[in-house]
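One structure is given here, and the rest of the page talks about it.
Side chains included, hydrogens not; waters and symmetry mates left out as well; all remaining heavy atoms used. Numbering of ligands and ligand atoms starts at 1, following listing order.
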Amino acid sequence: MIIEVENLVKRYGSLMALNHFNLKVKKGERLGLLGPNGSGKSTAINCMLSLLSYDKGSIKLFGEEMAPDKYDLKRRIGVVPQEVAVFSELTAEQNIDYYCGLYIADKATRKQHVAEVIELVGLEEFRNFVPAKLSGGLKRRLNIACGIVHKPELIFLDEPTVAVDPQSRNKILESIRILNEQGATIVYTTHYMEEVESLCNHIVILDQGEVIAEGSKEELKQMIRTTEKLVIELPFFSDSLKKYLAGQPDIIETEYDQIFLTLHTTHLKKTLLELLSFFSTQQLDFGSIHTQEVTLNDVFLEITGKALRD
Ligand SMILES: Nc1ncnc2c1ncn2[C@@H]1O[C@H](COP(=O)(O)OP(=O)(O)OP(=O)(O)O)[C@@H](O)[C@H]1O
Ligand SMILES: [Mg+2]
C-alpha cells in the first residue's frame with residue numbers, strides 16, 4: 001500500500017473538515033478524490049503531506065508513519081498545489097531547475113530531468129518566459145512541471161485544471177497518464193466528474209469531510225437505483241404530467257429546464273412505453289426523445305440529494 005489513512009479527523013475550530021476519513025491507495029493507482037468545493041479535498045492532501053496537523057487518526061505513506069520531518073519520504077513525493085507556486089522573477093525553465101535542484105544535486109541529471117519535463121507538459125516554446133507572460137493554462141503546466149521534475153513515485157495534484165483552456169486541460173491529463181505509465185502513483189483531486197471518469201481507476205467521493213462512496217466508476221454507478229435517464233423535449237410541463245410522474249415508482253428524479261424533461265428511472269423501457277401511452281391518451285405534444293447514461297453526478301445526487309456542481 002502506498003497510502004493508508006485511517007480515521008482521520010481534522011477540525012478548524014468548530015468546523016469538522018475531515019470526519020473519520022479513510023483512504024487506501026495501491027501502487028500504480030490513479031486515485032480520484034472527487035468532491036464539491038469545501039468538501040475537504042485539499043485538507044486531506046495537506047494532512048497526508050504533514051503540511052497540516054490533525055486531531056485524530058493515522059497516516060502511512062510507503063508503509064511508514066508520515067511526519068513533518070520525514071524527508072526521506074517527502075523526497076519520493078511530488079506535490080502540485082491548488083494555487084500556482086512559482087517564482088515570478090525566474091523564467092519557466094529556471095523555476096523548474098530550481099525545484100529540481102532541491103532534490104537532485106548532479107548537474108547533468110538535473111539538466112536531463114528539466115528537459116524531459118518541459119517536453120512532457122509542452123512548455124518548449126515558453127521556457128524563457130517569466131510566469132507573468134504565461135497564460136493561466138501554461139502557468140498551471142509550469143506548476144505541474146515544478147512539482148514532478150524530480151521523478152517522484154507518488155504525485156498529488158490538487159485541482160490542476162481549474163480555469164484552464166481545453167488544450168491545456170488535455171495536455172495536463174495526458175501528462176498525468178504518461179507519468180502513471182512510467183510507474184508513478186497518482187492522487188488527483190477535482191470537482192470535475194468528467195476528468196475523474198476519464199483519468200482515474202479508483203474514485204473516492206467526498207462530501208462534508210466524509211467518504212460517501214468509493215470504487216471504480218462502474219462500481220459507483222451500480223450503487224444507485226437509476227440505471228438510465230430519459231430526456232424528452234416538451235413545450236410545457238403540465239400539472240397532469242407532474243401528477244402522473246409523481247405516481248410512478250420507477251421514476252426516482254424529475255428535472256424540467258424550460259424545454260427538456262429529464263427522468264431518472266430504474267426501468268427505462270417500462271418508463272418510456274408507459275409515458276408514450278400517457279402522452280397519447282392525454283394528447284400531449286412532445287419533440288425529440290433520447291437517453292443519457294448515468295454519470296458520477298447522478299451518483300452524488302442520489303446519495304446526497306444535491307448536485308456535485310451547482
Ligand atoms: N485554514 C482554514 N481555516 C478554517 N477553515 C478552513 C481552513 N481551510 C479550509 N477550511 C474549511 O474546511 C473545509 C474544507 O476545505 P478544503 O479547502 O479542504 O476543501 P476542498 O474540497 O479542497 O475545496 P475546494 O474545491 O474549494 O478547493 C471548508 O469548509 C473550508 O472552508
Ligand atoms: Mg481544495
Contacts of Q208 that satisfy side chain to side chain donor-acceptor pair (under 3.5 Å) - sequence neighbours left out =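 With neighbours one apart ignored, the set is empty.
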On the ring face of [Y], is [X] found with NZ or CZ under 6.0 Å from the centre and within 45° of the axis?
| X | Y | result |
| --- | --- | --- |
| R76 | F62 | yes |
| K306 | F300 | no |
| R11 | Y54 | no |

request  = Below 4.0 Å from any atom of ligand 1, which residues have a heavy atom? Give them in chain and number order, please.
outcome  = Y12, L15, A17, P36, N37, G38, S39, G40, K41, S42, T43, Q82, E159
inquiry  = Check for me: within less than 2.8 Å of the Mg ion (ligand 2), which protein N/O/S atoms show up?
reply    =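 Metal shell, protein only: S42 OG, Q82 OE1.
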message = Under a plain distance cut-off of 3.5 Å, with no hydrogens placed, do Y192 and E159 share a side-chain donor-acceptor pair?
response = no
remark   = Residues joined to L15 in its hydrophobic cluster, side chain to side chain under 4.5 Å directly or through other members, sorted by chain and number, are Y12, L52
ask   = For the atom pair CD (Q82) and OG1 (T190), what is the distance rounded to the nearest 0.5 Å?
value = 9.5 Å
key: Basic-acidic side-chain contact under 4.0 Å: E197, K221   = yes
ask   = Considering all heavy atoms of both residues, which atom of R110 and which atom of C100 are nearest to each other, and what is their separation?
value =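 Shortest heavy-atom contact: CG-SG, 3.4 Å.
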